[in-house]
Amino acid sequence: MKTIIVGFDSFDPAVFEDMAGKNEMPNLSKFVNTKGYSRLEVCSPPQTEVSWTSIATGADPGGHGIFDFVHRDPSTYAPYVSILPTKKTVAGEQFIPPYIAKTLFEEAAEMGYPATALWWPAMYPARPELPINTLPGLGTPDIRGQLGVGTLFTTEDEKKNKTAVTRFESAGKGRFKAVLNGPSVATKSGPQPITVPVIVDVIDSNTAKITIGDAQLELRVGQWSDIVEVKFKAGFLFNVHAITRLILTSLNGAVRLYSLPLQIHPLHALSHYSSSKSFAKNLWQKVGAYLTLGWPQDTTGLEDGCITDEQFITLCDTIFERRKQIFFYLLGEFKEGVLASIFDDLDRVQHMFYHNRLDVAQAWYKKLDAFVGEVNQRVEKWGGKYNYMVMSDHGFTTYEQKIHMNRWLAQNGYLTLNDGHTEGDLSHVDWSRTKAYAVGLNSIYLNVAGREGQGIVGAQEIEPLLTEIQQKLLDWKGADGNSVAHRIRLKHEVYNGAYTRLGPDLVVGYARGYRASSETGLGKIPQALDEPNHDHWGADHCVDSDVVQGVIFANRELQSFGGISFRDIPFLAVGKHLDQSHIKPPSQQVGGHNQKDLEERLKGLGYL
């Protein structure tokens with residue numbers, strides 16, 4: 001067996017088909033000409049971490065247990081990050097794998113073949129007991145255990161929405177000092193961050209020498225540094241190593257230096273970053289340094305105005321180039337088994353530019369098509385039989401209106417806040433008078449007696465209540481007169497498997513132009529019902545799965561399948577449908593976080 005999977009996160013069929021019709025996608029169009037192209041039915045909801053996990057396992061969320069970016073602990077209603085679950089041990093809080101369902105990579109290994117998965121979401125922490133080579137994707141935290149925000153150093157009084165801001169102090173003519181906060185350590189007065197000094201020595205109006213800890217480099221304004229290694233002294237003979245990149249954004253009047261989130265150093269990881277450790281080390285030494293954060297394309301820094309559009313695009317370019325180099329290095333050594341790699345820059349670019357600079361997104365479609373041409377040249381030289389697939393996890397659409405779902409539930413009599421509160425989060429809900437609540441971007445839960453900690457909805461009420469809410473949501477019209485929801489699906493209509501009972505009772509499939517607000521994702525209840533989206537993040541895919549279908553290209557005829565689903569991918573890749581019957585979900589879900597911890601952990605995730 002010899003299988004190559006190239007994943008393009010958010011590669012949209014409508015954009016592709018339009019560009020292919022204009023002869024702008026020559027390499028991928030070759031698959032169309034040989035009937036090796038099809039739109040791909042994706043899972044519900046079409047969120048990145050949900051969809052790629054469904055593709056890897058051939059199972060919907062009921063079979064693998066990841067339903068949304070944010071889940072809740074039904075006993076306490078406390079939300080938690082689905083792709084970064086933790087458990088408390090005697091050694092403190094530890095990350096645990098987000099799911100245990102069998103993947104096509106495990107199946108290949110059991111068949112006696114090597115398997116490699118590059119930048120696949122929800123694969124952190126690595127599972128060293130599995131004979132699979134991995135570099136994890138979305139869900140990989142920074143060294144603080146969060147999904148990662150950068151730091152802006154500035155001489156001015158500035159405040160950003162999510163980005164940490166640190167003030168530069170003058171330390172002489174042309175010299176400015178600050179400290180960079182690293183991970184926290186326990187002290188007598190509570191957790192305190194370890195710090196390293198940051199010094200800027202201005203050389204001229206366009207250049208400065210930067211000192212960060214033990215590292216020194218010279219930067220021009222607007223220039224990204226190479227990857228910088230930073231060492232934090234955490235105690236006697238114990239150091240925490242991190243990596244980042246820096247960009248000097250201003251020396252004219254104000255001095256501004258921006259640092260990407262501090263990321264896990266793959267050669268000095270304190271947890272199971274990759275599988276195996278030697279795999280990550282070999283790529284670092286043979287190919288070059290690479291960023292490790294699950295979301296390294298810094299959309300938060302762009303949203304907060306810390307970097308410009310062009311600086312963001314340049315960052316995406318460099319991430320893509322290094323990942324290509326890693327992929328081609330492994331492809332050069334590939335003899336048998338499965339080699340799969342996800343390239344997710346297009347997703348980040350479309351979130352920020354699809355709505356108002358489509359030309360920027362289209363340039364990335366052309367870039368990915370050219371990459372496919374490079375891969376084609378290599379695999380076409382192979383003799384014998386092999387499987388070669390290019391696919392996406394979903395497409396893309398506009399995001400013009402933010403929907404505050406908990407406010408809708410409150411206005412329609414399904415959710416009640418405690419007396420004295422007109423807004424808040426789930427901790428402010430009067431559960432004795434609440435029948436339904438929303439947490440996550442596409443999820444609504446009933447407050448079921450015997451399941452939720454303070455549930456009031458009895459067994460006989462569940463079905464009629466679900467039908468009532470479903471119909472009202474389908475009847476809801478937005479300010480533009482269009483339907484807010486494309487489809488509202490009942491749990492048992494879309495989920496099948498051992499985890500189904502843990503999932504949301506209603507899956508909200510938003511219509512084009514609408515999406516749940518970040519407040520909804522976090523379980524909040526603002527006063528407004530909806531609001532226009534004026535964010536830089538102006539396009540999305542967390543809508544109904546029919547609105548954002550994916551794509552699949554293959555070196556085999558696909559038209560006779562009569563429609564291809566995410567469920568078919570393991571069979572196409574390794575020749576088998578995966579048996580998930582061994583899965584036994586836990587008797588209780590992972591414990592939730594308090595609201596402050598949740599929001600801190602999710603800051604770097606642009607969706608929320």
Side-chain angles (χ1 to χ4, degrees), residues 1-13 15-17 19-20 23-38 40 52 55-56 104-105 108 113-120 133-135 137 279 283 286-288 290 316-347 349 361-393 550-558 564 569-570 572-574:
M1 182 182 68
K2 194 173 187 179
T3 298
I4 295 289
I5 299 174
V6 175
F8 292 152
D9 202 304
S10 296
F11 196 97
D12 185 80
V15 175
F16 163 72
E17 290 161 9
M19 295 180 69
N23 299 316
E24 295 176 334
M25 307 290 283
N27 297 297
L28 286 166
S29 291
K30 292 178 181 177
F31 294 95
V32 180
N33 298 336
T34 56
K35 297 184 179 181
Y37 166 68
S38 175
L40 180 69
W52 283 120
I55 287 170
L104 63 91
F105 311 110
Y113 293 101
T116 298
L118 301 174
W119 307 296
W120 209 280
N133 289 323
T134 64
L135 290 184
F279 176 68
L283 294 176
K286 295 290 181 64
V287 183
Y290 50 89
C316 292
D317 280 333
T318 57
I319 292 169
F320 180 55
E321 288 303 315
R322 179 47 48 91
R323 290 185 172 185
K324 279 174 52 181
Q325 291 166 4
I326 290 172
F327 175 79
F328 282 132
Y329 171 78
L330 294 171
L331 186 64
E333 297 186 332
F334 184 61
K335 299 293 185 285
E336 63 176 359
V338 176
L339 173 59
S341 181
I342 292 176
F343 298 89
D344 50 20
D345 296 278
L346 176 65
D347 174 79
V349 168
Q362 290 172 330
W364 270 86
Y365 279 83
K366 293 178 181 178
K367 190 188 298 281
L368 294 178
D369 181 78
F371 170 56
V372 169
E374 294 181 70
V375 179
N376 289 350
Q377 289 178 0
R378 287 164 168 80
V379 301
E380 286 169 359
K381 295 177 182 178
W382 292 348
K385 185 179 179 181
Y386 61 90
N387 303 310
Y388 172 30
M389 291 179 283
V390 180
M391 68 186 69
S392 68
D393 55 334
V551 298
I552 181 170
F553 304 86
N555 67 331
R556 61 175 292 172
E557 189 270 330
L558 296 175
I564 297 180
I569 302 305
L572 292 172
V574 300

Handout entry: Chi angles and distances behind the side chain to side chain contact (heavy atoms under 4.5 Å, CB included) call for R556, N387
Key = CA-CA 8 Å; R556 61 175 292 172; N387 303 310; 5.5 Å; no

Handout entry: CG-CH2 distance between D9 and W119, expressed to the nearest 0.5 angstrom
Key = 13.5 Å

Handout entry: Partner set under side chain to side chain contact (heavy atoms under 4.5 Å, CB included) for K367, not counting sequence neighbours
Key = D317, F320, W364

Completion exercise
OG of S29 to CG of D369, rounded to nearest 0.5 Å, is 7.0 Å

Practice task
Would you please name every residue forming a salt bridge (Lys or Arg N to Asp or Glu O under 4.0 Å) with E17, sequence neighbours left out?
Solution key: R39

Problem - Spacing of CZ belonging to F334 relative to CZ belonging to F327, to within rounding of 0.5 Å - result: 9.0 Å

Exercise for the section: Under the side chain to side chain contact (heavy atoms under 4.5 Å, CB included) rule, what do K385 and K2 come out as? Steps first, then yes or no, please. Expected result: CA-CA 7 Å; K385 185 179 179 181; K2 194 173 187 179; over 6 Å; no

Give the table of side-chain donor-acceptor pairs shorter than 3.5 Å for residues 337-345, with sequence neighbours excluded, one pair per line with atom names and distance.
| from | atom 1 | to | atom 2 | distance (Å) |
| --- | --- | --- | --- | --- |
| D344 | OD1 | Q297 | NE2 | 2.7 |
| D344 | OD1 | R323 | NH1 | 3.0 |
| D344 | OD2 | R348 | NH2 | 3.1 |
| D345 | OD1 | Q297 | NE2 | 3.1 |

Tabulate below the donor-acceptor pairs under 3.5 Å that side-chain atoms of residues 370-378 make, not counting sequence neighbours, or state none.
| from | atom 1 | to | atom 2 | distance (Å) |
| --- | --- | --- | --- | --- |
| E374 | OE2 | K324 | NZ | 3.2 |
| N376 | OD1 | Y388 | OH | 2.8 |
| N376 | ND2 | V372 | O | 3.4 |
| R378 | NH1 | E374 | O | 3.3 |

Handout entry: For S10, all residues meeting side chain to side chain contact (heavy atoms under 4.5 Å, CB included), sequence neighbours excluded
Key = D347, Q350, H394, F396, H541

Practice task
Please confirm whether the backbone N or O of L558 pairs with a side-chain atom of S38, one donor and one acceptor, at under 3.5 Å?
Solution key: no

Exercise for the section: Provide the closest heavy-atom pair for A573 versus I5 in the form atom of the first, atom of the second, distance. Expected result: CB-CD1, 4.0 Å

Completion exercise
OG1 of T3 to CG of L104, rounded to nearest 0.5 Å, is 8.5 Å

Completion exercise
In this structure, CG of L40 is separated from CD1 of I55 (nearest 0.5 Å) by 6.0 Å

Fill in the blank from the handout: For F553, the ring pair (Phe, Tyr, Trp, His ring centres under 6.0 Å) test, sequence neighbours excluded, returns F16, F31, Y37

Exercise for the section: Determine yes or no for a side-chain-to-main-chain donor-acceptor pair under 3.5 angstrom, with N555 supplying the side chain and M389 the backbone. Expected result: no

Practice task
Any chance you could measure L330, atom CG, to F279, atom CZ, to the nearest 0.5 Å?
Solution key: 5.0 Å

Exercise for the section: Ignoring hydrogens and angles, tell me if any N or O in the side chain of Y365 forms a donor-acceptor pair with the backbone of D12 under 3.5 Å. Expected result: yes

Practice task
Locate the shortest heavy-atom distance separating S392 from F11; write the atom from each residue and the value.
Solution key: OG-O, 2.9 Å

Handout entry: L283 and Y290, any side-chain heavy atoms less than 4.5 Å apart
Key = yes

Problem - Under 3.5 Å donor-acceptor, Y113 side chain and M1 backbone - result: yes

Exercise for the section: Check whether any side-chain heavy atom of M391 lies under 4.5 Å from a side-chain heavy atom of I569, and answer yes or no. Expected result: yes

Problem - Distance-minimising heavy-atom pair for V349 and A361 - result: CG1-CA, 4.2 Å

Problem - Student check: side-chain heavy atoms of I552 and V390 closer than 4.5 Å - result: no

